[in-house]
Amino acid sequence: MPNLYIVATPIGNIGDVTLRAMKVLKDVGLIAAEDTRRTARLLAACSIDTPMTSYYEQNKRSKLRYLLRQLQTIDVALVSDAGTPGISDPGFELINAAIDNGIAVVPVPGPSVLVTSVVVSGLPTHEFTYLGFMPRKKAQRISFLERVADQPRTLVMFESPHRIRAALRDVLKVLGDRRIAVCREMTKLYEEVFRGTVTGAIDYFAEPRGEFTLVIEGKIGEEPPSIASVEEELLRLRSEGLSGKDAVAQVAKSTGLPKKEVYRMWLGLG
């Protein structure tokens with residue numbers, strides 16, 4: 001049975017297209033493109049004349065069955081406007097439909113604005129949470145940010161130039177003045193990475209243009225109290241006449257430690 005190829009394409013600089021991506025785009029029977037005009041420029045630069053069909057958010061329902069029928073007889077390559085398909089675009093539905101129909105889904109890896117922005121941000125990369133696009137409406141955006149406010153991992157999200165300043169103001173309101181990297185127009189002519197604080201980013205992008213990726217520092221937790229400091233506090237409370245139950249409850253509340261752990265320390269006091 002034919003394959004559905006998930007082909008990553010340049011996010012800006014056309015020189016980032018891979019040799020494998022060019023070969024696949026040339027060999028498949030059909031290319032499903034989010035924007036056929038943009039993909040046509042890439043194909044022309046690579047001297048590829050494979051037929052295309054549009055597949056984007058507004059027509060994904062009507063085109064899904066058509067593409068599944070095509071996949072019964074020919075290989076199809078899925079491409080997005082830029083980067084890796086299936087990340088915050090309609091490719092997700094086609095990929096899952098192909099899997100459900102027993103069609104092999106073959107990745108052709110390459111450029112990704114998500115990974116590119118994270119690695120140049122200067123923020124921790126060992127764990128990060130990708131959140132897609134923030135909601136358009138302020139109340140929903142505030143709620144969205146509140147749900148991740150205590151997340152210790154680096155946060156990554158996309159934003160448009162029309163909403164970037166409003167989004168940054170809401171980030172400041174909910175998450176505080178954290179460290180942030182704002183990546184703009186990655187690998188394109190006017191590529192830019194702002195590294196600083198949320199307040200600084202709001203001031204810097206007074207007239208924002210281009211596509212943005214926000215990489216935001218996760219919540220920094222306080223260092224857990226040392227055993228010695230906890231035992232010292234327990235001894236103090238005992239000297240004041242507090243019962244074990246009351247002392248343990250008070251210390252557990254002030255330190256955030258589990259009551260069982262504090263109780264073991266209480267029992268070990270000399």
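If you're wondering where the values come from, they're calculated on a predicted model, not measured in any experiment.
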My understanding is that only residues two or more places apart in sequence, or in another chain, count here; which of them pass ring pair (Phe, Tyr, Trp, His ring centres under 6.0 Å) with [X]?
X    : answer
Y66  : none
F158 : Y130, F133
Y5   : none
Y204 : F194

Taking atom [atom1] of [X] as the centre, report whether more than 12 heavy atoms of other residues, nucleotides or ligands fall under 6.0 Å from it.
X    : atom1 : result
L19  : CG    : no
E146 : CD    : yes
I99  : CD1   : yes
R236 : CZ    : yes

Problem set entry | side chain to side chain donor-acceptor pair (under 3.5 Å): pairs with one or both residues in residues 39-53, sequence neighbours excluded |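 The answer is T53-K63.
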Exercise. Which residue pairs pass the side chain to side chain donor-acceptor pair (under 3.5 Å) test with at least one member in residues 19-28, sequence neighbours excluded?
Worked result: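 Residue pairs passing side chain to side chain donor-acceptor pair (under 3.5 Å), neighbours aside: K23-D27.
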Exercise. So T116 and T213, side chain to side chain contact (heavy atoms under 4.5 Å, CB included) or not? Walk me through it.
Worked result: CA-CA 10 Å; T116 300; T213 304; over 6 Å; no
Please check if the side chain of [X] supplies one atom and the backbone of [Y] the other of a donor-acceptor pair under 3.5 Å.
X    : Y    : result
T154 : F128 : no
R179 : G196 : no
S143 : Q140 : no
T129 : V156 : no
S62  : N59  : yes
R169 : I202 : no
R141 : R136 : yes
E240 : L242 : no
E185 : E211 : yes
R184 : V193 : no

Any side-chain heavy-atom pair of [X] and [Y] under 4.5 Å:
X    : Y    : value
S117 : M186 : yes
V108 : I6   : no
T197 : R178 : no
L43  : I31  : yes
S160 : F212 : no
P124 : H126 : yes

Where [X] and [Y] come nearest, the two heavy atoms and their spacing:
X    : Y    : result
A8   : P109 : CB-C, 3.9 Å
A98  : L4   : CB-CD2, 3.8 Å
L78  : P85  : O-CG, 3.4 Å
A149 : L175 : CA-CD2, 3.5 Å
T84  : S112 : OG1-CB, 3.9 Å
P90  : Y55  : O-OH, 3.0 Å

Decide whether [X] and [Y] are clustered together by the hydrophobic rule: side chain heavy atoms of Ile, Leu, Val, Met, Phe, Trp, Tyr closer than 4.5 Å, transitively.
X    : Y    : result
I11  : L42  : no
V76  : V28  : no
L67  : I103 : yes
M134 : L172 : yes
L123 : V120 : yes

Problem set entry | V251 vs L257, side chain to side chain contact (heavy atoms under 4.5 Å, CB included): CA-CA, chis, key distance, verdict | CA-CA 8 Å; V251 171; L257 294 172; 5.6 Å; no
Euclidean distance, [Y] [atom2] relative to [X] [atom1], rounded to 0.5 Å:
X    : Y    : atom1 : atom2 : value
L25  : M52  : CG    : CE    : 10.0 Å
R153 : T125 : CZ    : OG1   : 13.5 Å
R264 : K259 : CZ    : NZ    : 14.5 Å
S121 : E217 : OG    : CD    : 10.5 Å
L131 : S88  : CG    : OG    : 9.5 Å
W266 : R238 : CH2   : CZ    : 6.0 Å

For this session: Take I164 and L214 through the side chain to side chain contact (heavy atoms under 4.5 Å, CB included) test and state the conclusion after the steps.
Result: CA-CA 9 Å; I164 184 68; L214 308 182; 3.5 Å; yes
Exercise. Rest of the hydrophobic cluster containing Y190 (Ile/Leu/Val/Met/Phe/Trp/Tyr, side-chain heavy atoms under 4.5 Å)?
Worked result: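 Members other than Y190 - counting any ILVMFWY side chain reachable under 4.5 Å - are L189.
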For this session: Show your working on side chain to side chain contact (heavy atoms under 4.5 Å, CB included) between L237 and E233 and close with a plain yes or no.
Result: CA-CA 6 Å; L237 294 174; E233 179 65 9; 4.0 Å; yes
Problem set entry | Candidate list V171, I180, V148, test side-chain contact (heavy atoms from CB on, under 4.5 Å), partner L155, passing option |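 Single side-chain contact (heavy atoms from CB on, under 4.5 Å) partner of L155 among V171, I180, V148: V148.
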For this session: Using the test salt bridge (charged side-chain N to carboxylate O under 4.0 Å, His left out), find all partners of E231 that sit at least two apart in sequence or belong to another chain.
Result: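 Applying salt bridge (charged side-chain N to carboxylate O under 4.0 Å, His left out) to E231 gives none.
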Quick one: salt bridge (charged side-chain N to carboxylate O under 4.0 Å, His left out) pairs with a partner in [range], sequence neighbours left out?
range          : value
residues 69-86 : none
residues 82-94 : K60-E93
residues 30-40 : D35-R37

Exercise. Can K188 and E191 be counted as an ion pair, charged N to O under 4.0 angstrom?
Worked result: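 Salt bridge between K188 and E191, a charged N being under 4.0 Å from a carboxylate O: no.
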Exercise. Taking only residues two or more places apart in sequence, or in another chain, which ones meet E127 in a side chain to side chain donor-acceptor pair (under 3.5 Å)?
Worked result: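 If we apply the side chain to side chain donor-acceptor pair (under 3.5 Å) test to E127, skipping adjacent residues, there are no hits.
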